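Working notes, structure below.
If you're wondering where the values come from, they're calculated on a predicted model, not measured in any experiment. The first residue in the sequence is number 1, and the count goes up from there.
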Amino acid sequence: MSQIDLLPLDNPLPPGLIYQSDFIAADEEASLVAAMKNLNFTAPTMHGVAAKRRTVHFGRSYDFNSFWLGDAPPLPDFLEPVRERAATLTARAPEEFGETLVTEYSPGAGIGWHRDAPAFGIIVGVSLVAACTMKFRPWPVAKNSGQRTKPLGKLLEPRSVYVLDGEVRQRWQHSIAPGSALRYSITFRTLRG
């Protein structure tokens, strides 16, 4: 499956980005969200400030201040079928996705411009409950360049999936605009050696 198969040709996106709507069914989404409500979410702290979003890690954890990977609880059974299906988009074995991050975005929560940590390889994200806008811009960004963002052609719809690999993973930053409704995401990441 390629970017061209999944996105309109009149809205070119960074190479390596794949997007697919309706990746999971509505009843599966409801089951996932019900199970996620029982997770022990905490707000990550960066530079001494707690984020508006809350997260929980499985497999490996990532400390946003020290930039170190640590151990985290194993992936819960309810997330395994989603990881297996996500892996099929990348030609990787599900077990290669050694880190899973579940994020709860309360209304008004987003995430600023970033590239996922260098310890991670391929990124697969599943959006749940509410739509959000994901934007991209080339990296590194020259100071005072006035460089414009390159927005995704449409919102990340509920139950959709995206893959960041290749150029979009290495040479682009992305952000998620603050939303007006509660939203969850499941992010699967491969680990680099």
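Under the 30°/60° scheme for interplanar angles, the aromatic rings of Phe41 and Tyr184 are found to be tilted. Under the 30°/60° scheme for interplanar angles, the aromatic rings of Phe97 and Phe188 are found to stand perpendicular.
A salt bridge does not link Arg60 with Glu99: every distance from a Lys NZ or Arg NE/NH1/NH2 to an Asp or Glu carboxylate oxygen is 4.0 Å or more. A salt bridge does not link Lys52 to Glu104: none of the charged side-chain nitrogens sits closer than 4.0 Å to a carboxylate oxygen.
Taking every heavy atom of both residues into account, Ala130 and Pro158 meet most closely at C-CG, 3.7 Å. Ala87 approaches Arg92 most closely through the heavy-atom pair CB-O, 3.2 Å. In terms of heavy atoms, Leu17 sits closest to Val168 at N-CG1, 3.6 Å. Contact record, Ala51 with Ala43: O-CB, 3.5 Å, taken as the closest heavy-atom pair. Minimum interatomic distance between Ser180 and Pro107 (heavy atoms only, all atoms of both residues): O-CB, 3.8 Å. Closest approach of Gly108 and Pro178 over heavy atoms only: O-CB, 3.4 Å.
Note that the CG atom of Leu191 and the CD1 atom of Ile122 stand 11.5 Å from one another [nearest 0.5 Å]. Considering OG1 of Thr42 and CZ of Arg53, their distance stands at 11.0 Å, rounded to 0.5 Å. With values rounded to the nearest 0.5 angstrom, Ser185 atom OG is found 9.5 Å from Leu156 atom CG. For the atom pair Asp165 CG and Thr90 OG1, the distance stands at 7.5 Å (nearest 0.5 Å). Considering OG1 of Thr103 and CD1 of Ile111, their distance stands at 7.0 Å, rounded to 0.5 Å.
Contacts classified as side chain to side chain donor-acceptor pair (under 3.5 Å) and involving residues 30-41 (residues at least two apart or in different chains) are not found.
At least one side-chain heavy atom of Leu32 sits under 4.5 Å from a side-chain heavy atom of Met36. A heavy-atom distance below 4.5 Å is found between the side chains of Ile186 and Leu79. A heavy-atom distance below 4.5 Å is found between the side chains of Val124 and Val161. The side-chain heavy atoms of Leu128 and Ile24, taken from C-beta on, include a pair separated by under 4.5 Å. Within the 4.5 Å cutoff, side-chain heavy atoms of His57 are placed close to those of Thr55. Annotation: side chain of Trp172 is not in contact with side chain of Leu164 (no heavy-atom distance under 4.5 Å). The closest side-chain heavy-atom distance from Ile123 to Val163 is not below 4.5 Å. Pro74 places none of its side-chain heavy atoms less than 4.5 Å from the side chain of Phe58.
Side chain of Arg85 to backbone of Phe23: a donor-acceptor contact under 3.5 angstrom is found. The closest donor-acceptor contact from the side chain of Arg189 to the backbone of Ala117 lies at 3.5 Å or more, if one exists at all. Under the 3.5 Å distance criterion, the side-chain polar atoms of Glu96 are matched with a main-chain donor or acceptor of Ala93. Arg159 places no side-chain N or O within 3.5 Å of a backbone atom of Glu29 that could act as its donor or acceptor partner.
Partners of Glu167 by side chain to side chain donor-acceptor pair (under 3.5 Å), not counting sequence neighbours: none found. The ring-ring contact (aromatic ring centres under 6.0 Å, His included) check on Tyr62 picks up Phe64, Phe120, with sequence neighbours excluded.
With 3.5 Å as the limit, one finds a donor-acceptor pair spanning the side chains of Tyr19 and Glu157. Between the side chains of Ser127 and Arg183, at least one donor N or O lies within less than 3.5 Å of an accepting N or O.
Each of Arg115, His114, Arg137 was scored for a side chain to side chain donor-acceptor pair (under 3.5 Å) with Gln173, with one residue passing: Arg137.
Leu101 and Trp68 are assigned to two separate hydrophobic clusters, defined by single-linkage of ILVMFWY side chains at heavy-atom distances under 4.5 Å.
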Go through Glu84 and Val82 one step at a time and tell me if the side chain to side chain contact (heavy atoms under 4.5 Å, CB included) criterion holds.
-> CA-CA 5 Å; Glu84 288 174 7; Val82 184; over 6 Å; no
